[in-house]
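Here the structure comes first, spelled out in structure tokens, and everything after it is commentary.
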Amino acid sequence: QLQASGGGLVQAGGSLTLSCTASGHTLSSYAMGWFRQAPGKEREFVAAINWSGGSKFYADSVKGRFTISRNNAKNTVYLQMNSLKPEDTAVYYCAAVLNRMSYSANSYDYWGQGTLVTVSS
């Protein structure tokens, strides 16, 4: 089971760091992804990282502002979000996939419950 945390209310231009931990699973075996879903919109890809942290990719909308990282010793994956914009407002989900990382939500095997990020203008 994955647990996402760290969401909250922040002003535009501010920063937040989301965390994703797991109970009952060792995340080091998995590639990890972050997705988000805004009200009335479909879930969209945000960022992904491979099992070692050596490979990452990002959605164009967050490139240069968000950073995905992981600490396998702590069984935790992070999403550092800087220069937040009101359009970043969404529920953010972490997900795990046993195979290589993917842009597609359908590829992921396990999902967290989501954490709400609200960016005020």
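In this chain, residues are counted from 1 in sequence order. Worth knowing before you read on, the calculation uses all heavy atoms, side chains too, and leaves out hydrogens, waters and symmetry mates.
Remark: Val91 pairs with Tyr93, Leu116 by the side-chain contact (heavy atoms from CB on, under 4.5 Å) rule, at least two apart or across chains. Tyr92 pairs by the side-chain hydrogen bond (donor to acceptor under 3.5 Å, both in side chains) definition with Arg36, not counting sequence neighbours. Taking Asn106 as the reference, nothing meets the side-chain hydrogen bond (donor to acceptor under 3.5 Å, both in side chains) condition, with sequence neighbours excluded. Looking at residues two or more places apart in sequence or on another chain, you find a side-chain hydrogen bond (donor to acceptor under 3.5 Å, both in side chains) between Ser102 and Ser107. Every residue meeting the side-chain contact (heavy atoms from CB on, under 4.5 Å) condition with Ala22, not counting sequence neighbours, appears here in chain and number order: Leu2, His25, Leu27, Asn75.
Residue pairs meeting the side-chain hydrogen bond (donor to acceptor under 3.5 Å, both in side chains) criterion with at least one member in residues 109-121: none, sequence neighbours excluded. Applying the salt bridge (Lys or Arg N to Asp or Glu O under 4.0 Å) rule to pairs touching residues 89-106 yields nothing, sequence neighbours excluded. Among residue pairs with one or both ends in residues 64-85, those qualifying as salt bridge (Lys or Arg N to Asp or Glu O under 4.0 Å) are Arg65-Asp88; sequence neighbours excluded. Evaluation of the disulfide bond (SG atoms under 2.5 Å apart) test over residues 12-60, restricted to residues two or more places apart or in two chains, returns Cys20-Cys94. Pairs passing the disulfide bond (SG atoms under 2.5 Å apart) check and including a residue from residues 22-72, sequence neighbours excluded, do not occur.
Within a 6.0 Å radius of CD in Gln1, other residues, nucleotides and ligands contribute 12 heavy atoms or fewer.
Linking ILVMFWY side-chain heavy atoms closer than 4.5 Å, directly or via other members, places Val77 and Phe66 in a single hydrophobic cluster. Taking hydrophobic clusters as Ile, Leu, Val, Met, Phe, Trp and Tyr residues chained together by side-chain heavy-atom distances below 4.5 Å, Leu18 shares a cluster with Val119. Cluster membership check: Val117 shares its hydrophobic cluster with Met32, using side-chain heavy-atom separations under 4.5 Å among Ile, Leu, Val, Met, Phe, Trp and Tyr.
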Quiz: residues 54-64 side-chain donor-acceptor pairs under 3.5 angstrom, not counting sequence neighbours:
from  : atom 1 : to    : atom 2 : distance (Å)
Lys56 : NZ     : Ile68 : O      : 3.1
Tyr58 : OH     : Ile68 : N      : 3.0
Asp60 : OD1    : Lys63 : NZ     : 3.1

Please report, to 0.1 Å, the donor-acceptor pairs under 3.5 Å made by any side chain of residues 9-17, with sequence neighbours excluded.
from  : atom 1 : to    : atom 2 : distance (Å)
Ser15 : OG     : Asn82 : OD1    : 2.9
Thr17 : OG1    : Gln80 : OE1    : 2.4

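Between Tyr103 and the choices Tyr108, Phe45, Trp34, Phe35, the ring pair (Phe, Tyr, Trp, His ring centres under 6.0 Å) rule is met once, by Phe45.
Here the shortest heavy-atom pairing between Ser19 and Thr76 reads CB-CG2, 4.2 Å.
To the nearest 0.5 Å, the span separating CH2 on Trp51 from OG on Ser29 amounts to 9.0 Å.
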